[in-house]
There are 2 protein chains.
Amino acid sequence: MPPLPISPPKPKDATEKVAHALALAIHEHRIAPGTKLGEDELGEIYDVSRTVIRAALQSLAHIQLVEIQRNKGAFVAQPSLREAREVFEARALLEPRTAGSAAARATPRDIAILKEHIAQEHAAMDAGDHGRALSLSGVFHIEVARIADQDTIRQFIETLIARSSLIIALYWRRESALCESHAHHALIDAIAKADAQNAEELMRSHLVDLNSALDLRDRPTQSRSLKELLQDPHP
Amino acid sequence: MPPLPISPPKPKDATEKVAHALALAIHEHRIAPGTKLGEDELGEIYDVSRTVIRAALQSLAHIQLVEIQRNKGAFVAQPSLREAREVFEARALLEPRTAGSAAARATPRDIAILKEHIAQEHAAMDAGDHGRALSLSGVFHIEVARIADQDTIRQFIETLIARSSLIIALYWRRESALCESHAHHALIDAIAKADAQNAEELMRSHLVDLNSALDLRDRPTQSRSLKELLQDPHP
DNA sequence: CCTCAACTCATTGTATACAATCTTGCGTGC
DNA sequence: GCACGCAAGATTGTATACAATGAGTTGAGG
């Protein structure tokens with residue numbers, strides 16, 4: 001039996017490598033929303049040509065992790081309040097049912113993979129690496145969707161998780177705990193018991209909790225700098 | 001008041017132009033699933049360099065209209081039976097609620113746009129241009145999602161509609177009618193009356209009808225050539 | 001001292017050239 | 001005659017070079 005694949009399968013070509021590396025950096029909050037991603041700069045960092053960089057950026061733009069402005073370049077996306085709300089509405093629509101399906105289909109191996117996730121999340125937390133813990137908790141949701149064995153919906157959820165990472169970076173209420181591993185642990189239990197209804201309900205409340213850890217209220221002025229607001233007001 | 005925008009906004013750069021042209025050709029069933037899309041060939045047709053063609057193909061690959069195989073090239077996608085079922089499951093999950101939202105938000109102008117769609121569908125049908133009629137009926141669904149004013153879900157629906165076009169090309173039961181304009185007309189009425197519940201139910205049954213016009217039963221052997229099946233068994 | 005405009009420079013959009021990989025056809029050996 | 005292997009052609013993957021657009025700067029004029 002091959003080792004448990006925690007991360008998605010290794011990318012084969014240079015473009016995917018760069019795209020994954022960038023996506024990971026964004027998910028782990030090592031690059032802030034709004035950051036300019038210059039092509040030459042990235043090309044030098046990853047030691048590939050701009051051709052590869054551009055392909056990777058386009059790929060990330062399609063899942064809305066970065067925003068490409070014609071003749072201006074690529075920036076790490078800054079989801080608006082409205083987009084943030086939409087993303088979590090869509091997650092609330094898709095993920096609970098998916099968790100239920102996962103509970104109905106999960107194999108012992110799947111459970112092991114999920115538990116391995118939890119372990120890694122804890123390890124990252126203990127190491128104080130909040131970015132990595134957050135990233136892993138996103139992958140957890142994707143893994144649940146994978147177990148549900150619905151590729152189409154899983155792909156949608158992947159993009160929603162990706163955008164959620166940006167949303168958390170922008171709108172997380174710092175006084176809130178956002179300690180996801182407890183909710184994830186309960187979810188694993190339900191899935192392991194093939195209790196679809198409970199899994200569905202746990203996922204639903206987990207998403208509600210996540211939402212309340214965010215500050216998605218309307219606000220007259222944003223906290224970001226005026227310059228950023230003027231150069232990228234989400235047209 | 002500007003003219004009613006039936007099609008999405010005009011693409012600005014060469015890449016988008018090519019991507020839209022290719023997507024339209026696929027939606028109108030002018031290119032069959034499985035067709036090889038050579039880069040040089042397309043470059044000559046659209047009079048742009050392979051750089052542009054590759055970007056367009058990657059864009060289409062992301063919405064799964066084409067499948068790119070490393071070092072082999074791009075092909076018009078051939079959704080498997082399983083994928084076909086998943087796509088319609090996802091549509092059933094997303095579109096009815098979206099139609100309900102659309103009914104709650106539609107403006108008179110929105111209604112006019114939808115009616116214009118119906119008219120164009122009828123015109124295409126009368127002209128015997130089934131491909132164009134089919135493509136327009138897809139755009140109708142996208143337009144409903146736009147009216148619902150949920151960009152995130154609209155984007156998901158767009159990809160589902162795109163793939164549906166391929167699925168219809170592959171699995172349509174020719175004895176079936178697939179005459180969508182009646183269902184669309186009823187839907188417009190419900191939306192115009194702001195009857196969300198009725199719109200939701202009409203969309204649901206419309207999707208059921210669509211599904212029964214397809215033959216998604218398991219089949220031991222496919223109707224396509226052995227070579228195609230062996231070179232692209234959907235790994 | 002401030003404003004505006006033109007120019008320079010940096011960055012992106014596109015095209016072309018080179019390298020790597022796959023397909024295909026032919027030739028050799030059995 | 002058939003199968004295997006090798007080589008030539010074709011196609012994609014990547015890098016580089018050129019063109020076009022935008023941003024920042026510097027200078028003159030008010």
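Reminder, nothing fancy here: chain letters follow the sequence lines and each chain counts from 1. Bear in mind that the values here come from a model prediction, so they are computed numbers and not experimental data.
Classification of A:Arg82 and A:Glu86 as a salt-bridged pair holds, one side-chain N sitting under 4.0 Å from a carboxylate O.
Across B:Arg91 and B:Leu207, no two heavy atoms sit closer than the pair O-CD1, 3.5 Å.
Aromatic pair B:His141/B:His184: ring centres closer than 6.0 Å.
In B:Arg97, the CZ atom is not crowded: 12 or fewer heavy atoms of neighbouring residues, nucleotides or ligands sit closer than 6.0 Å.
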Next item on the list: Can you check each nucleotide of nucleotides 7-15 of chain D against protein heavy atoms at under 4.0 Å and return B for base, S for sugar-phosphate only, - for none, in 5' to 3' order?
Entry: ----SBBBB
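Checking side-chain atoms of B:Asp215 against main-chain N and O of B:Arg217 turns up a donor-acceptor pair under 3.5 Å.
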